[in-house]
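The shown structure was predicted, so the numbers you read here are calculated from the model rather than taken from an experiment. So you know, we letter chains A, B, ... as the sequences are listed, proteins then strands, and number each from 1.
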Protein chains: 2
Amino acid sequence: SVNPDLASERQTASFSVEKLMVLLDGGVERTRIRRAVVEAIESDPEFSRENEYFQSQNERYEAAVRKAVHLRKKMQEMGWTEDGPEYTYIYRALSGEIAFLLHRVFMRSITVLGSKKQIAKWIPLAVQYQLIGSYAQTELGHGTYLQGLETTAVFDVATQEFILNTPKISAMKWWPGDMGRTATHTMVFAQLYIHGKCYGVHPFIVQIRSLQDHSLCPGITAGDIGPKMNFEHTDNGYLMLQNVHVPRENMLNKFCEVQPDGTYVRQGSKKINYFTMTTVRISLISDQVLIPLMKACTIAIRYSVVRRQSKLKPGEEEAKILDYQTQQEKLLPQLAAAYAFHFINNYLQNLFDRGYRDIQKKNFDTLPELHAFSSGFKAMVTQYSTSAVEICLRACGGHGYSLLSGLPSLYTKILASCIYEGENTILLLQTARFLIKCFTAASTGQPVPPSVTYLAAVKPGNCPAKSKLDFLSPDTYTEAYQHMAARLVSSTAAKLQDLIQSGAKKHDAWNQCTVQLAQAAKAHCHYITVKNFAETVEKLETQAGIQKIIKHLCDLFALHGIFSNAGLFLHDGYISGAQMDMVTASYLDLLAVIRKDAVPLVDAFDFTDKSLNSALGSYDGQVYQRLYEWAQKSPTNKMSPAYERYLKPLLHNKLSKL
Amino acid sequence: SVNPDLASERQTASFSVEKLMVLLDGGVERTRIRRAVVEAIESDPEFSRENEYFQSQNERYEAAVRKAVHLRKKMQEMGWTEDGPEYTYIYRALSGEIAFLLHRVFMRSITVLGSKKQIAKWIPLAVQYQLIGSYAQTELGHGTYLQGLETTAVFDVATQEFILNTPKISAMKWWPGDMGRTATHTMVFAQLYIHGKCYGVHPFIVQIRSLQDHSLCPGITAGDIGPKMNFEHTDNGYLMLQNVHVPRENMLNKFCEVQPDGTYVRQGSKKINYFTMTTVRISLISDQVLIPLMKACTIAIRYSVVRRQSKLKPGEEEAKILDYQTQQEKLLPQLAAAYAFHFINNYLQNLFDRGYRDIQKKNFDTLPELHAFSSGFKAMVTQYSTSAVEICLRACGGHGYSLLSGLPSLYTKILASCIYEGENTILLLQTARFLIKCFTAASTGQPVPPSVTYLAAVKPGNCPAKSKLDFLSPDTYTEAYQHMAARLVSSTAAKLQDLIQSGAKKHDAWNQCTVQLAQAAKAHCHYITVKNFAETVEKLETQAGIQKIIKHLCDLFALHGIFSNAGLFLHDGYISGAQMDMVTASYLDLLAVIRKDAVPLVDAFDFTDKSLNSALGSYDGQVYQRLYEWAQKSPTNKMSPAYERYLKPLLHNKLSKL
């Protein structure tokens with residue numbers, strides 16, 4: 001039975017949860033497919049996540065391999081294909097606890113960078129799992145800065161082979177997933193040398209384990225890198241190469257080829273490589289960021305209407321903690337951010353689909369903008385969402401700290417997204433470089449991409465708002481964000497210019513501005529997110545019931561951003577101190593408004609109890625009962641040898657006779 | 001051998017590391033004792049933390065019990081006593097991985113709240129470990145709000161016993177350390193009922209496990225609450241009581257007694273209970289917050305001069321990542337905060353020692369101030385430091401995410417300090433209540449404690465700084481903080497007043513101001529921290545070499561706070577936009593200055609390699625070598641059954657024949 005404190009929250013929803021859910025899914029048919037996939041996966045005991053929080057790293061790994069193997073069978077059974085509409089929901093349904101994800105990256109890199117002949121040879125083997133692939137790029141000593149990779153591949157004309165080596169310990173491949181204990185092959189990125197000359201980093205297909213008995217191949221040292229904050233199910237690995245020979249045909253050669261005599265030929269554009277990285281950064285937002293964020297909001301908000309603590313009014317019963325302004329202020333802005341990022345993710349997906357069509361027509365014009373977008377949003381969204389999940393965790397007090405709440409694993413998983421696929425600060429600086437270029441171009445009247453025309457067109461004057469209600473106008477706050485972002489870009493560009501004019505070298509000047517450049521890039525992405533949210537609300541005018549609540553969330557997201565970054569808006573007086581008080585008043589008012597719909601708003605994310613895997617967040621709100629049931633299953637409740645060995649002698653006072 | 005990239009950092013220190021270390025320790029003698037204790041503990045293999053990152057929760061628990069039992073022997077051997085100067089360093093040397101900590105809390109509560117007779121009976125038993133105690137206060141449904149506890153203790157005149165019960169599941173004791181599998185006795189906090197009347201929460205000594213065979217006593221259900229983000233070594237437990245009888249003498253009765261006929265007698269002051277909680281909050285700062293923060297700074301900063309990535313200047317070798325402004329901006333403010341909090345901790349300790357002496361003289365006047373201090377600083381310091389450790393972790397990229405870096409466990413440990421011993425938001429609101437009271441009193445000319453006289457004495461006018469150098473004057477920034485804190489307190493007091501005058505009920509008005517009240521309390525603590533740091537610098541004038549670098553850290557801490565909370569200072573124009581640019585310029589300049597001494601500044605914390613237990617942070621900087629060595633020991637490098645069970649059939653293509 002549903003806890004009455006949770007049930008009552010659902011009776012007063014101001015909108016149809018089902019309608020909002022369909023909006024989030026992108027149509028009734030997609031809702032149907034999503035639910036069917038989740039149902040098929042969750043009803044299959046092979047995919048069970050029961051007791052996950054009690055498992056060791058080894059057990060998690062074994063379960064992930066078992067699930068990956070079983071999934072092949074399941075897909076055949078269900079008639080799901082990798083191109084079908086069901087595919088995107090499988091990962092969500094499995095909560096990512098599955099092996100062989102790098103096998104797909106291995107295949108994708110062959111498809112994109114390999115010749116037709118290479119594709120014809122390797123892809124069928126990979127599809128049939130006659131080999132298991134991985135992707136060995138990152139090294140102990142080098143991550144985001146790929147040019148610095150130290151692994152070498154020397155071409156030997158005599159044998160027509162590449163000889164791969166790990167020249168020093170920092171050159172060891174480190175972190176690649178599926179490589180520690182699983183993969184038979186991996187894509188090694190190495191500096192290519194021909195006749196003593198270096199041609200830069202290239203990808204080579206290298207077999208690392210026997211297909212017969214899985215033993216390591218000659219010259220290969222490989223293993224697992226050990227415990228991490230999360231991703232225990234993945235065997236992130238290390239790899240050392242000592243004189244490993246691979247045939248000339250194993251260098252992916254669609255764009256660059258080493259001919260038999262050692263002649264190096266580059267053909268086609270290098271830019272397409274960029275685009276692959278770019279799409280990965282965008283695609284991770286939905287699976288790796290939005291889902292954990294939405295789950296964390298669901299858990300924390302449901303718990304906050306079940307948990308009662310202290311009294312709001314003397315003499316009354318204890319209040320639900322979500323009725324406290326401070327709790328609302330912790331959780332509701334995170335909920336608004338989840339919606340904001342859902343909509344910006346849709347926007348980015350569309351942008352990239354259009355970009356991809358351009359590229360297929362050999363039009364690379366939009367690449368710099370797409371690259372800047374993917375870098376900046378990857379950084380901004382992962383950083384914001386990681387903080388958001390941490391806030392949700394802390395807002396649940398002690399019980400949030402228990403693994404059984406589900407929140408710790410959501411946090412440690414989303415935290416990794418700040419690091420992988422490009423370190424966030426470096427990504428923000430790439431976006432900043434694009435912004436500075438566009439600002440300079442726009443200032444001299446040159447054309448710039450549509451998303452940054454605002455940099456040159458900032459209107460003079462201050463924020464016109466006269467009352468707190470004026471700050472509920474999307475035009476008012478969107479313009480404030482625009483002004484703020486443009487100011488940060490232009491003032492940093494000016495500082496950069498000043499430094500160079502007063503004699504600093506370009507790279508020194510750049511380094512001295514990087515803190516502010518990163519801030520400007522973040523501000524730009526924040527502005528675009530607010531603008532897109534406001535535009536989304538406008539387009540919902542046919543759905544009156546939903547538009548209203550989404551408008552509230554949009555207002556909250558925008559005003560929370562102004563309230564929390566007040567200095568950026570007050571700095572040049574665009575918003576005055578008195579106006580900031582209006583922002584604060586409207587912001588706090590909104591908390592009380594959205595609080596009423598908080599539970600329906602997370603219900604619309606439609607996570608099943610199995611998918612949340614949380615004693616605090618389940619649909620029925622039977623929090624304490626579930627915590628107690630789950631705790632009893634913990635392996636820490638088996639008899640411990642500590643009693644016989646240490647406690648008994650101590651209590652029986654034998655120790656003192658030693 | 002020391003990595004040359006780290007060695008070179010030590011050759012250019014602008015001050016004597018040894019002198020700074022002695023200053024931090026509080027004298028040469030204390031440095032000597034600290035080192036002796038650490039040496040004695042670390043050279044004893046029984047206390048080894050090797051392979052800790054590979055251990056299961058059960059293994060961690062067993063090790064903690066083993067160490068606790070061994071420690072008794074060690075203390076006898078070494079001649080250390082619980083009152084001796086060595087004692088405070090033992091916990092540091094063990095990095096907290098030890099059992100029986102709640103046994104001490106059990107004893108302390110008897111000492112403070114028990115009668116002479118009770119002390120005479122129980123303390124010798126506890127000292128001799130003829131029983132093991134725990135402290136059962138928190139319940140599934142109630143934490144910080146103690147009045148809401150639901151466990152009952154009904155006095156039965158006929159048998160002269162209390163009958164204890166857990167009336168519903170939310171009343172189950174939940175979280176108490178050492179209770180899940182270890183303790184034989186626990187201090188149960190329960191609502192006392194006599195003749196059907198409730199007298200509020202009182203402490204009762206309850207035996208829960210047999211002293212003979214450790215089986216649960218009749219009416220007792222108890223166990224371990226399962227996996228948590230950290231503290232795997234502690235058996236946090238649950239406890240359910242069903243008609244458990246304890247004799248009348250088991251209620252601690254120094255201040256309240258139930259007489260044989262059921263007459264309830266209260267004697268003495270209840271305030272002293274406050275003071276115990278208060279001191280616990282202060283004492284946790286040094287062990288649970290400062291040490292993890294200082295360790296995280298040590299690891300991240302040493303790693304950042306060993307890690308080289310990308311090029312700062314074209315054509316040169318790759319740069320140390322600490323040479324990038326963005327990396328400095330991540331780490332150096334956290335280092336400055338570690339020093340700031342070290343000094344505020346000294347200040348608080350002194351304040352509490354004085355307070356304790358007053359209380360012994362039955363003078364309770366300072367209690368409200370001490371309580372406000374302990375609440376606010378516990379909240380502010382734990383929150384700030386938790387963010388700081390997270391920043392250190394993220395600043396180390398992928399390797400920071402590996403447990404072998406030591407950073408994940410520091411983070412998950414310090415995070416708990418935001419929750420235990422009072423939830424931070426509630427604590428900040430208690431401080432805010434004190435501030436509002438004092439502000440109101442001061443406004444009407446009544447006397448207030450010295451720490452808050454500033455609330456009534458804020459000078460009109462704006463910040464007088466005219467250049468970026470002016471912001472390196474402690475008077476200038478301390479006054480800015482004072483102005484800002486006073487403004488937040490007074491404006492929130494005014495809002496509260498307005499709401500009440502326009503008809504809101506007092507508790508409603510309070511709830512509507514809590515977001516701003518919490519902000520004001522934080523601002524107050526931030527101000528006091530800056531002020532105390534500046535005063536500390538002044539007192540160092542006899543130590544010229546050290547004073548200079550500590551002054552830089554003080555400036556950095558203060559300016560970082562203004563830069564990151566710019567809105568609070570710009571709001572009423574006390575600091576103008578142009579002045580904020582000066583703050584920013586000085587702040588960024590300081591980063592480059594302190595960067596030169598970053599490694600010596602963390603060396604002064606004097607953590608041994610064993611104590612850091614980090615592959616990234618050790619004294620010799622052999623980061624990559626150590627990561628590789630440690631990873632090879634991981635249990636994930638043992639043969640996995642996953643190959644025979646799942647991978648072999650897949651690769652040998654047997655699956656497709658199913």
### Task
For side chain to side chain contact (heavy atoms under 4.5 Å, CB included), just list the numbers for B/T182 and A/Y646, CA-CA rounded to whole Å, side-chain angles, deciding distance to a tenth of an Å, and then say yes or no.
CA-CA 10 Å; B/T182 308; A/Y646 313 113; over 6 Å; no

### Task
Determine, step by step, whether B/L650 and A/V65 satisfy the side chain to side chain contact (heavy atoms under 4.5 Å, CB included) criterion, reporting the C-alpha distance in whole Å, the side-chain angles of both residues, the deciding distance to 0.1 Å, and the verdict.
CA-CA 11 Å; B/L650 178 70; A/V65 172; over 6 Å; no

### Task
Run the numbers on B/Y401 and A/Y420 for side chain to side chain contact (heavy atoms under 4.5 Å, CB included), then give the verdict.
CA-CA 10 Å; B/Y401 191 79; A/Y420 59 62; over 6 Å; no

### Task
Report the C-alpha distance between B/L393 and A/L415 in whole Å, list the side-chain angles of each, state the deciding distance to 0.1 Å, and finish with yes or no for side chain to side chain contact (heavy atoms under 4.5 Å, CB included).
CA-CA 10 Å; B/L393 187 156; A/L415 173 64; 4.0 Å; yes

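To the nearest 0.5 angstrom, A/Q212 atom CD is 9.5 Å from B/L651 atom CG. To the nearest 0.5 Å, the span separating OG1 on A/T584 from NE2 on B/H571 amounts to 6.0 Å. With values rounded to the nearest 0.5 angstrom, A/Q512 atom CD is found 8.0 Å from B/D589 atom CG. A distance of 9.5 Å separates CG of B/D213 from CD of A/E644, quoted to the nearest 0.5 Å. Residue B/I169 holds its CD1 atom at 9.5 Å from CD of A/Q622, rounded to the nearest 0.5 Å.
Only the side chain of B/F563 comes within contact range of chain A, judged by heavy atoms closer than 4.5 Å. Contacts between B/L140 and chain A at a heavy-atom distance below 4.5 Å involve backbone atoms as well as side-chain atoms. With a 4.5 Å cut-off on non-hydrogen atoms, B/S170 touches chain A through its backbone and its side chain both. Heavy atoms closer than 4.5 Å to chain A are found nowhere in B/S210, neither backbone nor side chain. If you measure heavy-atom distances from A/Y61 to chain B, the contacts under 4.5 Å come from the side chain alone. Heavy atoms closer than 4.5 Å to chain A are found in the side chain of B/Y411, but not in its backbone. For B/M172, the part lying under 4.5 angstrom from a heavy atom of chain A is the side chain only. Interface remark: B/N236 contributes no atoms to any contact with chain A (heavy atom separation under 4.5 Å). Neither the backbone nor the side chain of B/K505 has a heavy atom closer than 4.5 Å to any heavy atom of chain A. Interface remark: B/F100 contributes side-chain atoms only to the contact with chain A (heavy atom separation under 4.5 Å). Within the 4.5 angstrom heavy-atom criterion, no atom of B/Q327 approaches chain A. Only the backbone of A/M639 comes within contact range of chain B, judged by heavy atoms closer than 4.5 Å. For a residue to count as touching a neighbouring chain, one of its non-hydrogen atoms must lie under 4.5 Å from one of that chain's; by this rule B/Y129 touches chain A with backbone and side chain alike.
A salt bridge links B/E423 with A/K330: the distance from a Lys NZ or Arg NE/NH1/NH2 to an Asp or Glu carboxylate oxygen falls below 4.0 Å.
Ranking A/H399, A/M580, A/R645 against chain B, the residue ahead of the rest is A/H399, based on heavy-atom pairs under 4.5 Å. The greatest number of non-hydrogen atom pairs below 4.5 Å with chain A, out of B/A416, B/A578, B/G223, B/A63, is found for B/A416. Put simply, of A/N637, A/D508, A/I419, A/L570, the one with the most heavy-atom pairs under 4.5 Å next to chain B is A/N637. Comparing A/I426, A/L591, A/N230, A/V306 by how many heavy-atom pairs each has under 4.5 Å with chain B, the most go to A/N230. Of the residues considered (B/E390, B/K495, B/Q57), B/E390 shows the highest number of contacts with chain A, using heavy-atom pairs under 4.5 Å. Most heavy-atom pairs under 4.5 Å with chain A: of the set B/L404, B/T425, B/D323, B/T386, this distinction falls to B/T425. The candidate with the highest count of non-hydrogen atom pairs below 4.5 Å against chain B, out of A/G148, A/A518, A/P314, is A/P314. Counting heavy-atom pairs closer than 4.5 Å to chain A, the top-ranked of the candidates B/L588, B/D224, B/T144 is B/D224. Here B/W175 is the residue among B/W175, B/F54, B/Y324 with the most heavy-atom pairs under 4.5 Å with chain A. Interface check for chain B: of the options A/Q130, A/E329, A/K506, A/R307, the most heavy-atom pairs under 4.5 Å are formed by A/R307. Chain A forms the most heavy-atom pairs under 4.5 Å with one residue out of B/S56, B/G567, B/A566, B/A592, and that residue is B/G567. Ranked by heavy-atom pairs under 4.5 Å with chain B, the list A/T138, A/L627, A/L517, A/L568 is led by A/L627.
For the pair B/Y238 and A/Q632, the minimum side-chain heavy-atom distance is below 4.5 Å. The shortest distance between side-chain heavy atoms of A/K168 and B/Y624 does not fall below 4.5 Å. Annotation: side chain of A/K311 is not in contact with side chain of B/Q147 (no heavy-atom distance under 4.5 Å).
Counting only distance, with no hydrogens or angles, the side chain of A/R308 and the backbone of B/H142 share no donor-acceptor pair below 3.5 Å. Side chain of B/E62 to backbone of A/A642: no donor-acceptor contact under 3.5 angstrom is found. With A/D572 contributing its side chain and B/G577 its backbone, the two residues share no donor-acceptor pair below 3.5 Å. At least one donor-acceptor pair closer than 3.5 Å links the side chain of B/Q309 to the backbone N or O of A/G143. Here the side chain of A/R181 pairs a donor or acceptor atom with the backbone of B/K638 at under 3.5 angstrom. With A/N511 contributing its side chain and B/Q325 its backbone, the two residues share a donor-acceptor pair below 3.5 Å. Between the side chain of B/D235 and the main chain of A/T636, no donor-acceptor pair closer than 3.5 Å is present.
Nearest heavy atom pair, residue B/Y53 against residue A/P227, reads O-CG, 3.5 Å. In terms of heavy atoms, A/V515 sits closest to B/T326 at N-CG2, 4.1 Å. Looking at every heavy atom in both residues, A/L647 comes nearest to B/H214 through CD1-CE1, 4.0 Å.
Residues satisfying the side chain to side chain donor-acceptor pair (under 3.5 Å) test with A/Q328, not counting sequence neighbours, are none. With sequence neighbours left out, the side chain to side chain donor-acceptor pair (under 3.5 Å) criterion links A/T184 to no other residue.
Screening B/S405, B/S409, B/P408 for a side-chain contact (heavy atoms from CB on, under 4.5 Å) with A/M229, the sole residue that qualifies is B/P408.
Below 30°, between 30° and 60°, or above 60°: for B/W174 and A/Y628 the angle between ring planes is above 60°, a perpendicular geometry.
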